[in-house]
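Data first, discussion second: the structure below is written as structure tokens.
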There are 2 protein chains.
Amino acid sequence: MSIMVCMHSEDIKEELREKGIKNTRAKSLLLHILKNAEAPMDVNNLHAECQKETSVNLVTVYRTLQQFHEKALVEEFMGKDGANQYEYIPEGSIAHPHFQCEKCNKVICLEELGFDDALYFSNRAKHHKINSIHIMLNGVCEECLSLP
Amino acid sequence: MSIMVCMHSEDIKEELREKGIKNTRAKSLLLHILKNAEAPMDVNNLHAECQKETSVNLVTVYRTLQQFHEKALVEEFMGKDGANQYEYIPEGSIAHPHFQCEKCNKVICLEELGFDDALYFSNRAKHHKINSIHIMLNGVCEECLSLP
DNA sequence: TTGTAAATGCAATATATTTGCATTTACATA
DNA sequence: TATGTAAATGCAAATATATTGCATTTACAA
């Protein structure tokens, strides 16, 4: 991971600068982890991942994720377990549904829809201002199904 | 409200009995409120609504909602604000998307989809066991938009 | 009528998240 | 390069939220 952080550091620095965020250890590390994640992560996942690299306070992780979300660097949505999930969405990419396991709380990204969900669903709430749309499937994941 | 509770009491009693739940003040009142609600409600909404009628402990509301969900009397899903939402789904009715306001946290039911969402989305998570699907739109509701 | 399991309320506990504040850090600019 | 300033950080404490334990009450079947 440390090699990766170094390799990508220029991109990360630039992305933080664009958003007016200081390039600190915690900020660049968290953005790096989020950009390379395969699925949304919650505060604890991200905090644990940070610890592999260096010591970062849990409060800092909370505050950084809030900031990233406010500055539209990442998407935020509430998981089935009541913990916010964070996901880096590359410029111009299309939203996709998620699955979250009720046993282990792991979140998995699913294939994107075959149509424009924003248009399709937002017609149903014309009088409100829509900021985000989330499709969440819940149940038991393959791994947990195979447990005793 | 008290008149309504009396009018519907036989239906409610029967429904509780079917699920093996004792017909107590709190249980029948909560089921009544949920069956007559226009939109999903959270623990605090439901507790407040109960107080209009009679005194019910908040812990009892928590425990009752858990039980109703376990016995499949109501649907449970997590709101944007981290509070579980509960909704009574009549036998044979079709799922619908929801909108939740980021300012006041109110949840609104939207028109049902024009296709079978369970089939459509669950194809994307074939290896997992799907228990529920929720489509949630977030933003600012009409009422909050009109505030200063 | 009465035995028993379920339901309830209250207090205490556990957990998650936020806030206050002193200190440190990044970074613009002098 | 030095330095002023606002942002970022860590720690402790506060707050908010949800759960548990336990004694008491209640519904309801036998």
Side-chain angles (χ1 to χ4, degrees), chain A residues 5 9-10 12-34 41-48 50-51 53-71 73-74 76-86 102 105, chain B residues 5 9-10 12-34 41-48 50-51 53-71 73-74 76-86 102 105:
Chain A
V5 170
S9 62
E10 279 312 315
I12 299 277
K13 271 189 191 178
E14 177 56 24
E15 203 156 353
L16 290 172
R17 200 177 303 126
E18 273 172 19
K19 299 284 182 175
I21 299 169
K22 274 193 187 176
N23 173 37
T24 62
R25 201 162 38 87
K27 308 272 182 187
S28 55
L29 179 53
L30 278 165
L31 184 52
H32 171 77
I33 293 169
L34 283 160
M41 296 173 80
D42 67 14
V43 187
N44 293 315
N45 297 153
L46 286 161
H47 184 235
C50 284
Q51 300 314 306
E53 184 75 18
T54 178
S55 169
V56 178
N57 193 284
L58 182 59
V59 175
T60 300
V61 181
Y62 271 106
R63 291 199 265 226
T64 299
L65 293 174
Q66 269 176 0
Q67 184 190 40
F68 283 5
H69 177 238
E70 279 161 14
K71 304 265 170 122
L73 260 177
V74 299
E76 176 195 79
F77 64 91
M78 181 57 70
K80 176 79 178 164
D81 59 338
N84 271 321
Q85 298 284 335
Y86 296 90
E102 289 160 354
N105 290 319
Chain B
V5 170
S9 62
E10 279 311 315
I12 300 275
K13 271 190 189 177
E14 177 56 25
E15 204 157 351
L16 291 172
R17 200 177 302 126
E18 273 170 19
K19 299 284 184 175
I21 299 168
K22 274 194 188 176
N23 174 36
T24 62
R25 201 163 39 88
K27 309 273 180 183
S28 56
L29 179 53
L30 278 165
L31 185 52
H32 172 76
I33 294 168
L34 283 160
M41 297 172 78
D42 68 13
V43 188
N44 294 316
N45 297 154
L46 285 162
H47 184 234
C50 284
Q51 300 313 305
E53 185 75 17
T54 178
S55 167
V56 178
N57 194 284
L58 182 59
V59 176
T60 299
V61 181
Y62 272 108
R63 290 198 266 226
T64 300
L65 293 173
Q66 268 176 1
Q67 183 190 40
F68 282 5
H69 178 238
E70 281 162 12
K71 303 264 169 119
L73 260 177
V74 299
E76 177 196 78
F77 63 91
M78 181 59 68
K80 176 80 178 164
D81 59 339
N84 272 320
Q85 298 284 336
Y86 296 89
E102 289 160 354
N105 290 319

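Letters go in sequence order (proteins before strands), and every chain restarts at 1. Predicted, not measured: the structure shown is a model, and the values here were computed from it.
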Quiz prompt | Check against side chain to side chain contact (heavy atoms under 4.5 Å, CB included), V56(B) and T64(B) | solution = CA-CA 11 Å; V56(B) 178; T64(B) 300; over 6 Å; no
Quiz item: Which atom pair, heavy atoms only, marks the closest approach of L16(A) to K22(A)?
Solution: CD1-O, 4.2 Å
Quiz prompt | Cationic N near anionic O, under 4.0 Å, E76(B) to K80(A) | solution = yes
Exercise. Going 5' to 3' through nucleotides 8-20 of chain D, assign each nucleotide B (protein heavy atom under 4.0 Å from a base atom), S (under 4.0 Å only from sugar-phosphate atoms) or - (no protein heavy atom that close).
Key: SBBBB-----SBB
Can you give me the N/O atom pairs linking the protein to nucleotides 28-30 of chain C at distances under 3.5 Å, or say none if there are none?
none

Quiz item: So, for D81(B) and M78(A), which heavy atoms are closest and what is the spacing to 0.1 Å?
Solution: C-CE, 4.1 Å
Quiz prompt | Verdict with reasoning, Y62(A) to N57(A), per side chain to side chain contact (heavy atoms under 4.5 Å, CB included) | solution = CA-CA 9 Å; Y62(A) 271 106; N57(A) 193 284; over 6 Å; no
Practice problem: Let me know the distance between CG of N23(B) and C1' of dA29(D), rounded to the nearest Å. | Solution: 15 Å
Practice problem: Please give the angle, rounded to 10 degrees, between the axes at the start and the end of the helix from dT1(C)-dA30(D) to dA30(C)-dT1(D), where five pairs define each axis. | Solution: 30°
Quiz item: To the nearest angstrom, how far is I12(B) atom CD1 from dA27(D) atom P?
Solution: 16 Å
Practice problem: Mind listing the closest non-hydrogen atom pair of A26(B) and T60(B) along with its distance? | Solution: CB-CG2, 3.8 Å
Quiz item: Which pair of heavy atoms, one from E15(B) and one from L31(B), lies closest together, and at what distance?
Solution: CB-CD2, 4.1 Å
Practice problem: Return the value, rounded to whole Å, for the distance between atom CE of M78(A) and atom C1' of dT17(C). | Solution: 11 Å
Quiz item: What closest approach, in Å, do H47(B) and L58(B) show between heavy atoms, and which atom pair accounts for it?
Solution: NE2-N, 3.5 Å
Practice problem: In whole angstrom, give the distance that lies between atom CG of L16(A) and atom P of dT25(C). | Solution: 18 Å
